[in-house]
Protein chains: 4
Amino acid sequence: MPKLGMEPVRRRALIDATIAAIGDAGTLDVTMSDIAGRAGVSSALAFHYFGGKDDLLLATMRHILAELAADARVALKSAETPRARLSAILDVNFSAKQFRPEIIAAWLAFYVEAQRSEPLRRLLRIYAGRLHSNLMSGLSALLPREQAQTTAEGIAALIDGLYIRRALKQGEPDAASAIALVEDYLSAKLP
Amino acid sequence: MPKLGMEPVRRRALIDATIAAIGDAGTLDVTMSDIAGRAGVSSALAFHYFGGKDDLLLATMRHILAELAADARVALKSAETPRARLSAILDVNFSAKQFRPEIIAAWLAFYVEAQRSEPLRRLLRIYAGRLHSNLMSGLSALLPREQAQTTAEGIAALIDGLYIRRALKQGEPDAASAIALVEDYLSAKLP
Amino acid sequence: MPKLGMEPVRRRALIDATIAAIGDAGTLDVTMSDIAGRAGVSSALAFHYFGGKDDLLLATMRHILAELAADARVALKSAETPRARLSAILDVNFSAKQFRPEIIAAWLAFYVEAQRSEPLRRLLRIYAGRLHSNLMSGLSALLPREQAQTTAEGIAALIDGLYIRRALKQGEPDAASAIALVEDYLSAKLP
Amino acid sequence: MPKLGMEPVRRRALIDATIAAIGDAGTLDVTMSDIAGRAGVSSALAFHYFGGKDDLLLATMRHILAELAADARVALKSAETPRARLSAILDVNFSAKQFRPEIIAAWLAFYVEAQRSEPLRRLLRIYAGRLHSNLMSGLSALLPREQAQTTAEGIAALIDGLYIRRALKQGEPDAASAIALVEDYLSAKLP
DNA sequence: AATGAATGAGCCTTCATTCAT
DNA sequence: AATGAATGAAGGCTCATTCAT
């Protein structure tokens, strides 16, 4: 029973289904039919709205990054000191919403795919740039320029490293200890 | 004209071809035909020697890890202080032989695949364990147990993070600055 | 705001769009969506007015043939001798309006399709019959019955042959030389 | 039960099956599965040997034209006068082997497709050139240059026209009357 | 009068895998 | 030891068509 204004609803449902499918499979190697099935529509509709598999995947990654960016924006708004900004960023990156098996799996899968897809690479680079500048917004008040840069890179690498290492473990991700590890790094670096 | 004793030669050629193929593609999503073609044999031969694609892939990962382990063993043998052991480990992980685009790509691809393949996950866990104990063999003499543990985990995460972040860059990997970053971390942590 | 009396307007727009689409594609293998898009309406409307793709195609061919018949009727009206009738027929068939790339493409495509579609075949046969009788209306005064028949068939085949051979050439169709060729044939046949 | 040296056998079977399929359908719009099924193999094999549908289609047209060229070569070899050469060409073009429903259907379908496919267009142009030069090899001894050219073009157009008009008829093609028509044209043109 | 929403069916293509030789 | 021959299964994508609004 066709209704009007379904487009945004379907788009969102398909993106959510894509994340779920990738989360289950641990790869981008999921079928359009699977995704569409999870969203409760035919695969043809997914093509109708997104044009093709690559586009759906790209839209999905874009969605994930947009959520992350929105969360970060909110968290930073209530941080009152540079040090608090840093903790806020970590909290967001390892929040219950982000540090979930599905999101982690999608994250990794997209990283791998980025080696082949220029648009995807661009997307991830933008995210990396945003993370870096967010980190610098806290670090540059606490460390000399050079050291701030190095530390920002270190934190970024640590975050990605902690994400990827999750792939080897089973059970629920342990955000607390991940955060603790990065905070420990920060403590060692800050005077 | 069939020759005798070709088996080890073919196996090695196929594994090298697999690494090359994965390196070019940036995924495990390479065909057996492509791999066999690169090795100069028919794809049927790859099946003959390895049984199937998964097995070939597993053998390839095993080979990469074995090389890494061998390199580490050699490097640690000539390290004379605990601190030197740590640097030796870093040097090996970011050596010209390991920190190459192909190996990096394979690494990532296998990490992702590990989410689906138990044998692969086991393999990577063994490597992670080995890295951890290698790091501890240096750290436990320099830091209290607890701190040594945390630092070892931090370094391991940093290494993986630096590997994964390579996927976003182009051009040759910059081993020197990767090492510098980890060494900087170490300096901050060690008294 | 729905308007009244839109039906004939839409039907005509859709038929014109069909000719244009076939002309561009060189096949009947055009999508209803493409056609509807060119006509500025939704594809559902095309179904509403024509019932289905085959019906739209048939209506289009019918339209082309009707135009041709109308042109022929006018041209023959002002022809005063049998010989003039023949030239008039040729002029119409190779007129700027008929001997256009789009029409030629449609023509061929429909001929091919006629092998599968009985209604289409009937349509083309009617056109063939009309052409034949038009030609006879000139020839029978100039040649004995038998010879007139043969000549009419020859001219008809020549016309179709000249149309089909256009498919291999590029650039604008050269009506003049086509007409010259048939006129040359006529001159040879007429005493 | 795999045998060696099957390649040429399969290629030929697939080309024959393609002609048959096109003949039955009256279009190039036949499926690879249908073709492969007729040839008694899986569709995957058709891809294996030909690379894709377009390539198989092209190979099929090439095959048809090669057969025609071979027949023409033989027929011309035993023609002893210029006039005999002309009749020989007609006999070949309307021989029982060429003027068959399947070949006619394929012919037309390829003509239509030529509007879209450059390689196909090139192929048909080569055939047209060959027919023209064959015709000129007879005509240039019988008519002044200019007239010979025109006549060659006329005959070529007549042949194609007679082929295309077959699409409207049913039952077996009537080669005799087709030849008679062209011969009549020739008689009128030759002194 | 007109369309957005939705889908079933089908096609091209790829690939891991098998097997007789 | 090595391969040519062959295929089943699956996936991305397209399109004519329907229907409630």
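Because the structure is predicted, anything quoted here is derived from the model rather than measured. In the text below, chain A, chain B and the rest are named by the order of the sequence lines, each starting its count at 1.
- At the heavy-atom level, C:Val30 lies under 4.0 Å from the strands shown only through sugar-phosphate atoms.
- Mapping B:Asp54 and A:Leu45 onto DNA chain E via the closest heavy atom, the residue that lands nearer the 5' end is A:Leu45.
- Checking E:dT17, E:dT7, E:dT13 against the side-chain heavy atoms of B:Ser43 singles out E:dT17 as nearest.
- The nucleotide whose nearest atom lies closest to any side-chain atom of B:Met32 is, among E:dT13, F:dA2, E:dA16, E:dA16.
- A distance of 5.0 Å separates CZ in C:Arg122 from CD in C:Glu118, rounded to the nearest 0.5 Å.
- Distances were taken from every side-chain heavy atom of D:Tyr49 (C-beta onward) to each of F:dA6, E:dA5, E:dC12; the shortest belongs to F:dA6.
- The partner of F:dA1 is absent, by the rule that a Watson-Crick or G-U pair needs both atom distances under 3.5 Å.
- Atom CG in C:Leu57 sits roughly 12 Å away from atom C1' in F:dA16 (whole-Å rounding).
- Distances were taken from every side-chain heavy atom of C:His48 (C-beta onward) to each of F:dA1, E:dA5, E:dA1; the shortest belongs to E:dA1.
- Between A:Val30 and A:Thr27, the shortest heavy-atom contact is CG1-O, 3.8 Å.
- Annotation for C:Leu14 and C:Ala39: closest pair CD2-CB, 3.7 Å, computed over non-hydrogen atoms.
- By the 4.0 Å N-to-carboxylate-O rule, A:Glu113 lies close enough to A:Arg116 to be salt-bridged with it.
- In this structure, B:Ile35 places its CD1 atom 14 Å from C1' of E:dT17, rounding to the nearest Å.
- Atom CZ of D:Arg11 is separated from atom P of F:dG4 by 15 Å (rounded to the nearest Å).
- The NZ-P distance, from D:Lys53 to E:dC12, rounds to 4 Å in whole Å.
- Take the nearest nucleotide of DNA chain E for A:Gly40 and for D:Phe47: the residue whose nucleotide is more 5' is A:Gly40.
- The listed nucleotides are F:dA5, E:dA2, F:dT7; the one nearest the side chain of D:Ala44 is F:dT7.
- Set against E:dA16, E:dT3, F:dA16, the side chain of C:Ser42 has E:dT3 as its closest nucleotide.
- Nearest approach of D:Arg10 to D:Tyr49, heavy atoms of both residues: CB-CE1, 3.6 Å.
- Ranking E:dT21, F:dC15, E:dA1 by closeness to the C:Thr31 side chain, first place goes to F:dC15.
- Under the Watson-Crick and G-U wobble criteria, each requiring two contacts below 3.5 Å, nucleotide E:dT17 is paired to F:dA6.
- Close to F:dA1, at under 4.0 Å from its OP1 or OP2, lies no side-chain N or O of B:Arg10.
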